[in-house]
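Have a look at the structure below, then the notes.
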Protein chains: 2
Amino acid sequence: MKIGELSERSGLSRDTIRLYEKNDLISSSASQSETNNYRDYSDDVLLQLKFVSSGREAGISISDLRELMKAFFGSCDPSEAENVIVAKTAELKERVSQIENVIVFLDAALVKVREGLDET
Amino acid sequence: MKIGELSERSGLSRDTIRLYEKNDLISSSASQSETNNYRDYSDDVLLQLKFVSSGREAGISISDLRELMKAFFGSCDPSEAENVIVAKTAELKERVSQIENVIVFLDAALVKVREGLDET
DNA sequence: GAAAACAATAGACCATGGTCCATGGTTTGG
DNA sequence: CCAAACCATGGACCATGGTCTATTGTTTTC
């Protein structure tokens, strides 16, 4: 499919898709036509973009995602892929626990605020 | 205390502290001395910075943190503070679940990678 | 076949979150 | 008293992640 359809189906702008491609998160091939230089994207790319955008929403950087994509889909050796995935999983879990710490703090603050409300 | 000590004790650079102060995450008072324009930071600020930096590490933006700091320490009315805290808590929980989705994906990928390793 | 819609490329632009540097003033230690 | 260490201010600079624009070329569609 061409970038327009991919954009439509992925919910990402053309610009963002091109940015991701430039950063090696996805790849494409030249279209069959000899008269243009349009890029052709496979259906797989759609799945990859879904992963990428959920990763971005979760706060994972593009360069981290590039490593992960390489581990998943690239042809690098599986034991290195394993290392990357294990490492990133650990990072993400650390991140979750950081956020949960903040949530705990917020919960405590909420209790205090509500006590203040009661007294008023 | 002066900014140097605060920097030392908080683990944040002077520049970062000044950035946070400019963004109203913390505040300071003029020093007693009439001959300089140094700022003076209370011990409370140290706690606030601890919260801010853990929030930053958890990926919370400065402007979001500003709202939270206002809710905690500011003099805005408690019911609005409650709203802010509840809203931010919900956002953070959403973020956690996004990250956990990615982790699930990574776990599945890991299994596949390991199967691949076994076969080799 | 002409206009509208689409594509590629490059570069400008923007916000965010920091760091670094230059300047000039202040304080502190020896 | 003098140098070293500290402070404030402002602006430059950087990376990241993305959007917007202009230009030029290609397809679609009527």
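- A salt bridge (Lys or Arg N to Asp or Glu O under 4.0 Å) with A/Asp64 is found for one member of A/Lys70, A/Lys88, A/Arg56 and no other, namely A/Lys88.
- Panel note: side chain B/Arg66, backbone B/Asn23; a donor-acceptor pair is recorded below 3.5 Å.
- Looking at which nucleotide of DNA chain D each of A/Thr16 and B/Glu5 is closest to, the 5′-most match is held by B/Glu5.
- Residue contacts shown for A/Arg39 are limited to sugar-phosphate atoms, with no base heavy atom under 4.0 Å away.
- Chain A approaches DNA chain C over the interval C/dC6 to C/dT9, counting the first and last nucleotide 5' to 3' with an atom under 4.0 Å from its heavy atoms.
- Listed for the B/Asp40 side chain is no donor-acceptor partner under 3.5 Å among the backbone atoms of B/Ala30.
- The CZ-C1' distance, from A/Arg14 to D/dT19, rounds to 14 Å in whole Å.
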Derivation and outcome, side-chain hydrogen bond (donor to acceptor under 3.5 Å, both in side chains), residues B/Tyr41 and B/Glu21: CA-CA 11 Å; B/Tyr41 297 90; B/Glu21 183 164 11; 2.6 Å; yes
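- Going from atom CG of A/Asn23 over to atom C1' of D/dG18 covers 11 Å, rounded to whole Å.
- Here the CZ atom belonging to B/Arg9 is positioned 4.0 Å from the CE atom belonging to B/Met1, to the nearest 0.5 angstrom.
- Side-chain contact between B/Tyr20 and B/Leu12 is present, with at least one heavy-atom pair separated by less than 4.5 Å.
- Whole-Å rounding puts the B/Leu19 CG to D/dT9 C1' distance at 14 Å.
- Rounded to an integer number of Å, the gap from B/Glu8 CD to D/dA5 C1' is 13 Å.
- The CD atom of A/Glu21 sits 16 Å away from the C1' atom of D/dG18 (whole-angstrom rounding).
- The backbone N or O of B/Arg39 lies less than 3.5 Å from no partner atom in the side chain of B/Ser31, so there is not a single donor-acceptor pair.
- Protein atom CD1 of A/Ile17 is 10 Å distant from nucleotide atom P of D/dT19, rounded to whole Å.
- Looking only at distances, a side-chain donor or acceptor of A/Ser53 sits under 3.5 Å from a matching main-chain atom of A/Leu49.
- The interatomic distance linking B/Lys22 (NZ) with D/dG10 (C1') rounds to 8 Å, in whole Å.
- B/Ile17 and B/Ser10 make their closest contact through CD1-OG, 3.9 Å (heavy atoms, listed as atom of the first residue, atom of the second, distance).
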Base versus backbone protein contacts along nucleotides 20-30 of chain D [heavy-atom cut-off under 4.0 Å; B, S, -]: B----BBSS--
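- For A/Glu8, the CD atom is loosely surrounded, since the number of other residues' heavy atoms within 6.0 Å does not exceed 12.
- Heavy-atom distances under 4.0 Å link DNA chain D to no residue of residues 41-64 of chain B.
- Using a 4.5 Å heavy-atom threshold, the side chains of A/Glu82 and A/Ile85 count as separate.
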